[in-house]
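The block underneath contains the structure these notes are about, expressed in structure tokens.
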Amino acid sequence: MPELPEAETIVQGLAGPVTGQEIQGARILKADVIQGGASAFRNGVLGRSIRQVSRRGKNIVLTLDDAHRLVVNLGMSGRLLHRSHQDPSPPPTHPAVIMELGHGETLVYHDVRRFGRLHLMDAPTYGDWSAGLGPEPLGPRFTAPRLAADLARSVSPIRSWLLDQRRVVGVGNIYANEALHRARIHPQVPASRIPSSAVPALHRSIRKVLRDAIRARGTTLRDYRTAQGDQGSYGTQLRVYGREGEPCHRCRESIQRIVFGNRSAFLCPGCQPPPEE
DNA sequence: CGTGCCCCCTGTCAGC
DNA sequence: TGCTGACAGGGGGCAC
């Protein structure tokens, strides 16, 4: 579910409320979301303070005062919610982990499908993990020349390439499809067959879609919520994702849905010609 | 090694 | 109304 814009929005909503707070209690209701064992997790977080809230790709990273990192991957349906004592909103329906912060405040990991994971890492482990991921698409190391060089080394369909977090982080199925439509590239074009002249447009499209989605506080299709439980509004700006049969805003042709790599891809057959042969 | 396919799990919705 | 199957923002594991 949540891609970079959703994770970024959660980080922005969480930083103020939880930075500096001590984790005074940890109730693990669904142990299968904890990577590496529930008791090690509980022992590792109890009594620690949250020093910083940040993000690596789609993952939310809580840096603790002993330099350990609590990495939260939201999977398809995960939410990371800050709740205060007098919170008027109804209590979460599928809490998996509840961390108590004192003053009646809680940090709740909520996940219906439980594809998400909470992983407590020591500093070296975090470094290794992060080093295995691709560049941040909104960061300085993600440049059009680097993208062109990286694309040239893979025969994967470009949509699959964009979803691979070792290549570039943070792009998921919604924003991959949106960026490819803007760049007028068919999702099944092999990465290495994208002409270098087309790479700057793809680079620009990826960054624009992600930035615009952050501004809209993400896309809520069903499960995603901000740290305060609110919905994101980028759904109204989607040009292809979920619009099968509706007209392309550019050329009025009917948006198509195709399936490969076990996932739906959405495209405009007028704007995004299929790869030859 | 790179690539593609299956599966993890629960909920919702369309079609019958 | 209720059943069945398809499908859903992700990613790990495994076969080739």
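Both backbone and side-chain heavy atoms feed into the values below; hydrogens, waters and symmetry mates do not. Predicted model only: the values in this text are computed from it and were never measured. Within every chain, numbering begins at 1; the chains are lettered A, B, ... in the order of the sequence lines, protein sequences first and strands thereafter.
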Nearest-nucleotide comparison on DNA chain C, the residue closer to the 5′ end among A/R257 and A/W129: A/R257
Nearest-Å distance for atom pair CD1/P, residues A/I174 and C/dA8: 11 Å
Residue pairs passing the salt bridge (charged side-chain N to carboxylate O under 4.0 Å, His left out) test where at least one lies in residues 97-112 of chain A, sequence neighbours excluded: none
Secondary-structure notation, DNA chain C, from Watson-Crick and G-U pairs under 3.5 angstrom (| other strand): .|||||||.|||||||
A/Q272 (side chain) donor-acceptor with A/G270 (main chain) under 3.5 angstrom: no
d(CE, A/M76; C1', C/dC7) in whole Å: 9 Å
CA sep, side-chain torsions, deciding dist, call: A/C268, A/R239, side chain to side chain contact (heavy atoms under 4.5 Å, CB included): CA-CA 9 Å; A/C268 169; A/R239 297 191 181 183; over 6 Å; no
Pairs meeting criterion side chain to side chain donor-acceptor pair (under 3.5 Å) with involvement of residues 130-145 of chain A, two or more places apart: A/R55-A/E136, A/R56-A/S130, A/R56-A/E136
Polar side chain donor-acceptor pair, A/E6 to A/Y175, under 3.5 angstrom: yes
Along DNA chain B (nearest heavy atom to each residue), the more 5'-positioned of A/D32 and A/F260: A/F260
Contact list for residues 86-99 of chain A, test side chain to side chain donor-acceptor pair (under 3.5 Å), sequence neighbours left out: A/R83-A/S89, A/D87-A/S89, A/T93-A/H110
Spacing between A/I10 atom CD1 and C/dG10 atom P, to the nearest angstrom: 13 Å
A/R211 (side chain) donor-acceptor with A/V209 (main chain) under 3.5 angstrom: no
Distance, rounded to the nearest Å, where A/R55 contributes CZ and C/dG10 contributes P: 15 Å
Test item: A/R207 side-chain N/O and A/P137 main-chain N/O as donor-acceptor pair under 3.5 Å: yes
Within residues 113-126 of chain A or reaching into it, pairs that qualify as side chain to side chain donor-acceptor pair (under 3.5 Å) - sequence neighbours excluded: A/D32-A/R114, A/D122-A/T125
Selection: residues 177-190 of chain A, any non-hydrogen atom under 4.0 Å of DNA chain C: none
side-chain N/O A/K30 vs B/dC9 OP1/OP2, d < 4.0 Å: no
Nearest-Å distance for atom pair CZ/P, residues A/R166 and C/dG13: 12 Å
Short side-chain to backbone donor-acceptor contact, A/N177 and A/V240, under 3.5 Å: no
Nearest-Å distance for atom pair CG/P, residues A/L74 and C/dG12: 14 Å
DNA chain C contacts among residues 89-99 of chain A, heavy-atom distance under 4.0 Å: none
C/dC3 versus B/dC9 - spacing of their P atoms, nearest Å: 23 Å
Phosphate-side-chain proximity, A/S154 and B/dG2, N/O vs OP1/OP2 below 4.0 Å: no
Check: A/S192 side chain, A/V155 main-chain N or O, donor-acceptor pair, under 3.5 Å: no
Less than 3.5 Å apart, which donor and acceptor atoms pair up between the side chains of residues 145-154 of chain A and the rest of the protein, not counting sequence neighbours?
unit_1, atom_1, unit_2, atom_2, d
A/R146, NE, A/D150, OD2, 3.3
A/D150, OD1, A/R153, NH2, 2.7
A/S154, OG, A/S156, N, 3.1
A/S154, OG, A/R167, NH2, 3.4

Residues A/R51, A/D65: salt bridge by 4.0 Å N-O rule: no
Within-4.5 Å side-chain heavy-atom neighbours: A/L180 and A/L202: yes
Rounded interatomic separation in angstrom, taking CZ from A/R243 and P from C/dA8: 17 Å
A/R184 atom CZ: more than 12 heavy-atom contacts under 6.0 Å: no
Nearest-Å distance for atom pair CZ/P, residues A/R222 and C/dC7: 12 Å
Partner set under salt bridge (charged side-chain N to carboxylate O under 4.0 Å, His left out) for A/R215, not counting sequence neighbours: A/D212
Residues in contact with DNA chain B, drawn from residues 155-162 of chain A - heavy-atom cutoff 4.0 Å: A/V155, A/S156, A/P157
Those residues of residues 106-128 of chain A lying under 4.0 Å from DNA chain B by at least one heavy atom: A/V112, A/R113, A/R114, A/F115
Sugar-phosphate, base or nothing in reach of A/N262, heavy atoms under 4.0 Å: base
Minimum-distance nucleotide to A/S264 side chain [options: C/dG10, C/dA8, B/dC6]: C/dA8
Side chains of residues 34-47 of chain A: which donor-acceptor partners sit under 3.5 Å, not counting sequence neighbours?
unit_1, atom_1, unit_2, atom_2, d
A/R42, NH1, A/A26, O, 3.1
A/N43, ND2, A/S39, O, 3.2

